[in-house]
Amino acid sequence: MSEGELFELELLGGNTERRFRKMRPEVEAMPWGTLDISKAREEDLIAARLAWTSAAYQEHRTGVACALTLRALIEARAPLDLIAVASRFPLDEMVHVELCARMAMELGGGTEIVHDPKAMVLDPDPKQSALMQAAECVVRFFCVGEAISIPLLRATWHVAEHPLPRAVLGRIVKDEAAHGVFGFTFLDWALPLMSDSDKQVLGAAADLAIRFLYGQWDYTRQNRRTPKHEGDILGWMRTDEYLALAQRSMQSAVIDPLEQRGIPIAAQLSEFTARYPTP
Ligand SMILES: [Fe+2]
Ligand SMILES: [Fe+2]
């Protein structure tokens, strides 16, 4: 990653920030400055700063994915109302970026993330039609990525105890619910226009996104979070609970609804579970 750039953010301020605040007043209304970190253990603080900074980066990456999908939807002349609904998503993601970044600041500051801004998400296959490019984006980013994040975020929100992370996660959960539904609404419009071989192509796109998540879960499994203890400042789910819910959700929120729509999935859950045989 020597070619990478630091993941750093800024606000322009002035009129621009005022307009932004007017668009999403709930951000300023959150109970900022109420987290007491004076008794937190140093290692917990570092872990929490890292977790929220990574979350900010993930939201930033999702912003790119939403913007790319939006462009493809417009080029494909998807129904106007469908495009209009999706046009809100990049803004939602920018709000999520700010919320997560501010959480890291509340805990003492962001941690260093180096990234390649030109390689954050994979572009759709340029040889495909405009409609298929839009469908590929929607399947990878929405029917897989956003659809699985909803139950996971909701569960993380449920275990959050302090009002500030509860407000932040609650806002994100509210927005993401619309993002997760969107993918399948698009497919229900687009699939009647597609052939069986188109559906195979979309299945392969879904496989790619699903296997990417299996790879992330491998990392999570190898870097387990210690059980929640007294004074745990992050307060997210434990690794085992998270992974169990992630696997159930992959089946019910991603694989089942795609297969029900005739999109064949090769990256079945057994591919991941087979790597970790239960003793
Ligand atoms: Fe988001
Ligand atoms: Fe989202």
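Everything quoted here is computed from the prediction, not taken from an experiment. Both ligands and their constituent atoms are indexed starting at 1 by order of listing.
- H96 has its closest N, O or S atom to the Fe ion (ligand 1) at the position named ND1.
- Angle OE2 (E93) to the Fe ion (ligand 2) to ND1 (H179): 90°, rounded to 10°.
- With contacts defined as side-chain heavy-atom distances shorter than 4.5 Å, the pair L187/C143 qualifies.
- For a distance bound of 2.8 Å, the N, O or S atoms of E59 include one lying that close to the Fe ion (ligand 1).
- In this structure a side-chain-to-backbone donor-acceptor pair under 3.5 Å is present from Y214 to A267.
- With H179 contributing its side chain and G145 its backbone, the two residues share no donor-acceptor pair below 3.5 Å.
- Side chain to side chain, Q268 and E259 meet the donor-acceptor criterion of an N or O pair below 3.5 Å.
- With salt bridges taken as basic N to acidic carboxylate O contacts below 4.0 Å, one links R171 and E26.
- For the Fe ion (ligand 1), the set of nearby N, O or S atoms under 2.8 Å includes none belonging to E146.
- Atom OE1 is the N/O/S atom of E176 found closest to the Fe ion (ligand 2).
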